[in-house]
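Whatever order the structure lists ligands and atoms in, that order sets their numbers, starting from 1.
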Amino acid sequence: MAKFFIDGGARLSGEVNVSGAKNSALPIIAASLLTKKQVVLENIPDVHDVRTMIQLAEYLGARVEFKRNVLRIHTPRLRRVAAPYDIVTRMRASYYMLGTLIARNKKAVVAMPGGCAIGPRPVDLHIRGLAALGTRIEIKDGYIHAHAQSIAGNKIDLQGPKGTSVGATINVMLAACGASGTAVISPAAVEPEVVDVANFLNALGVEISGQGSHEIKVRGCSGLDQGVRYRIIPDRIEAGTFAVAAAITGGDLLLKGAAPEHMTGVIEKLIEIGVRVKLNGRGISVNGHGKKNAVNICVAPYPGFPTDMQAQFMALLATVPGTSTIRESIFENRFMQAIELMRMGADITIEGDTAVIDGVRELSGAQVMASDLRASSALVLAGLAASGTTIVRRVYHLDRGYERFAFKLRRLGARIRRGR
Ligand code: EPZ
């Protein structure tokens, strides 16, 4: 199993190209199966989750070509309507095929996704939303079986115990593309990736409005047969991760192509910590020289501080003098990185949904184990700042969502290599 070997202490400097957003690319690839014509997607990150989604699309009947971040996908005819267990367990986002298959075919069978390392991950809102569109849903033998005579344009309530859901908003939007009449999704998630999917669907000829607000209207149409060329938004989480790399190493980076308007929660916290952030026409420059301050972070849905950035900030705050806190209220078990950071000398206490981080003068290199995607990047960031050598095991988690992470870091001066 691949590992990263990191010799810490190098200050990163230079320019890094921000890749396309994984969490937009996955549903937009799934949505490309809605039309019989060819779709060309630009800025698709070459990461394992994207490769898995391509495999699923091909399994269902799409013809796909993926070269230099451009994906051509053409599905004149669906060959199957079932997403098998072995693909869905590899990647939860496979469930986006549920919405697509319902819209295109009125029938779908998708393995029930289980929990995962960051806690239980229910799909009740997806099911409730699809049922409200008139789909009959049955859960049998670990599979969600969905079947609709016709898809109704209804009012879809996506209020859950933790608010609305990114995935359920997108899945219902996809299914509603095949509705007769207008579906009104409320409350809808407002994350930039939801807006990106809606914009893509509009380009495909569906009429969607309200994306970016808490009420999205989808006017369905049957038999989409329009092709489109579409460019995916930049990955705000990858950009944020490199911003933390600059901050934790006292370095100076230009995040080329980053979209600052999608990163206000993260930028505000960096500035509060004492990191200098400047926006220019080419992207975001981040300078981590100088004194840093402890801060309190509360994770929140967009435009708040993203749950997908708290692990990376925990690594940074572990090196900032004073007491910081991070409250994670979206996922129940997303502090897995804390115990590994503690093996590197971090002083962290977990109290319920809150991590209390007392900054230490220096982290020290150790062997650590990655548990999920963002926890993995946090351990790499800690390794960049630590004295000595850090070995991060199970980096396949990282490969799921970061494009050529070690390569990009090396070009900025990091001493990191991949090995066994
Ligand atoms: C998306 O997951 C992202 N994944 C996650 O990114 C991200 O952490 C998350 O949104 C929050 O921003 C993709 O886009 C592929 P949710 P998703 O449904 O859609 C509860 C990463 O590292 N909930 O908005 O699964 C749920 O348990 C990842 O790239 C229900 O109760 O997140 C959570 O507490 C991991 N019932 C909250 O809602 C449901 O049916 C928000 O989850 C669905 C969700």
Side-chain angles (χ1 to χ4, degrees), residues 19-31 45 47-50 52-53 56 88 90-99 112-132 137 139 144 156-174 185 187-197 214 232-233 235-241 262 265-266 299-312 328-334 336-337 353 370-378 397-403:
S19 296
K22 167 193 75 105
N23 289 345
S24 277
L26 296 175
I28 290 177
I29 296 171
V47 296
H48 277 191
D49 276 4
V50 162
T52 305
M53 190 58 98
L56 179 56
V88 179
R90 263 191 282 151
M91 185 189 64
R92 284 178 60 82
S94 311
Y95 58 36
Y96 288 132
M97 286 301 180
L98 195 54
M112 192 70 185
C116 71
I118 61 176
R121 308 220 10 221
V123 287
D124 55 316
L125 295 175
H126 299 241
I127 291 174
R128 193 213 286 170
L130 296 172
I137 307 258
I139 300 187
I144 305 170
I156 318 297
D157 171 13
L158 288 186
Q159 182 64 47
K162 302 258 174 94
T164 186
S165 147
V166 172
T169 301
I170 294 177
N171 233 340
V172 172
M173 233 165 38
L174 294 174
I185 306 170
V190 297
E191 271 66 7
E193 295 76 17
V194 175
V195 176
D196 208 22
V197 177
H214 289 293
I232 306 284
I233 57 169
D235 195 312
R236 62 192 168 106
I237 307 302
E238 189 207 26
T241 304
H262 296 162
V266 165
V299 159
Y302 189 81
F305 187 92
T307 169
D308 292 348
M309 281 303 302
Q310 61 86 354
Q312 300 88 317
E328 165 65 76
S329 48
I330 297 185
F331 292 112
E332 278 162 37
N333 191 21
R334 216 176 185 184
M336 304 278 279
Q337 71 283 355
D353 63 1
S371 55
D372 69 79
L373 172 58
R374 307 304 171 185
S376 319
S377 62
H397 289 293
L398 198 136
D399 297 335
R400 293 183 54 183
Y402 287 93
E403 187 172 49

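Contact annotation for E193 and ligand 1: no heavy atom of the residue comes within less than 4.0 Å of the ligand. Within the 4.0 Å heavy-atom criterion, the part of L373 lying near ligand 1 is the side chain and not the backbone. Of all the heavy atoms of R334, the ones lying under 4.0 Å from any atom of ligand 1 belong exclusively to the side chain. By the criterion of a heavy-atom distance under 4.0 Å, the side chain of F331, and not its backbone, is placed next to ligand 1.
Closest to atom 18 (O) of ligand 1, if we only count protein heavy atoms, is S165 OG, 2.6 Å. Nearest non-hydrogen protein atom to atom 5 (C) of ligand 1 is D308 OD2, 3.8 Å. Ranking protein heavy atoms by distance to atom 15 (C) of ligand 1, first place goes to N23 OD1, 3.4 Å. Of the protein's non-hydrogen atoms, R121 NH2, 3.7 Å is the one closest to atom 17 (P) of ligand 1. The protein non-hydrogen atom at the shortest distance from atom 22 (O) of ligand 1 is R374 NE, 2.9 Å. The shortest contact between atom 12 (O) of ligand 1 and any protein heavy atom is with T307 CG2, 4.0 Å. Residue, atom and distance of the protein heavy atom nearest to atom 19 (O) of ligand 1 are G167 N, 2.8 Å. In terms of protein heavy atoms, atom 30 (C) of ligand 1 is closest to P122 CG, 3.6 Å.
Short contacts between ligand 1 and V166, defined as distances under 4.0 Å to a heavy atom of the residue, involve ligand atoms 10 (O), 16 (P), 18 (O), 19 (O), 24 (O). The contact set between ligand 1 and K22, taken as ligand atoms under 4.0 Å from a residue heavy atom, comprises 21 (C), 29 (O). Of all the atoms in ligand 1, the ones that sit under 4.0 Å from a non-hydrogen atom of K162 are 34 (O). Counting the atoms of ligand 1 from 1 in the order shown, those under 4.0 Å from a heavy atom of H126 are 40 (O).
Taking 4.0 Å as the cut-off between side-chain N and carboxylate O, E238 and K22 do not count as a salt-bridged pair. Using a 4.0 Å cut-off between a side-chain N of Lys or Arg and a carboxylate O of Asp or Glu, R92 and D49 do not qualify as a salt bridge. Salt bridge status for K162 with E332: present, with a side-chain N to carboxylate O gap under 4.0 Å.
In terms of heavy-atom proximity, S329 sits nearest to V299 at OG-O, 3.3 Å. L125 and L158 make their closest contact through O-CD2, 3.5 Å (heavy atoms, listed as atom of the first residue, atom of the second, distance). Counting all heavy atoms, side chain and backbone alike, S165 lies closest to H126 at OG-NE2, 4.1 Å. The two residues P306 and V266 come nearest to each other via the heavy atoms CD-CG2, 3.7 Å.
Nearest residue to atom 40 (O) of ligand 1 from D235, L125, T164 is L125 (criterion: closest heavy atom).
Atom CD1 of residue I156 and atom CE of residue M173 lie 13.0 Å apart, to the nearest 0.5 angstrom. The line from CZ of R374 to OH of Y402 is 4.0 Å long, rounded to the nearest 0.5 Å.
Annotation: side chain of L26 is in contact with side chain of V50 (closest heavy-atom distance under 4.5 Å).
Within a 6.0 Å sphere centred on NE2 of H48, heavy atoms belonging to other residues, nucleotides or ligands number 12 at most.
For ligand 1, none of its N or O atoms has an N or O atom of L26 under 3.5 Å away.
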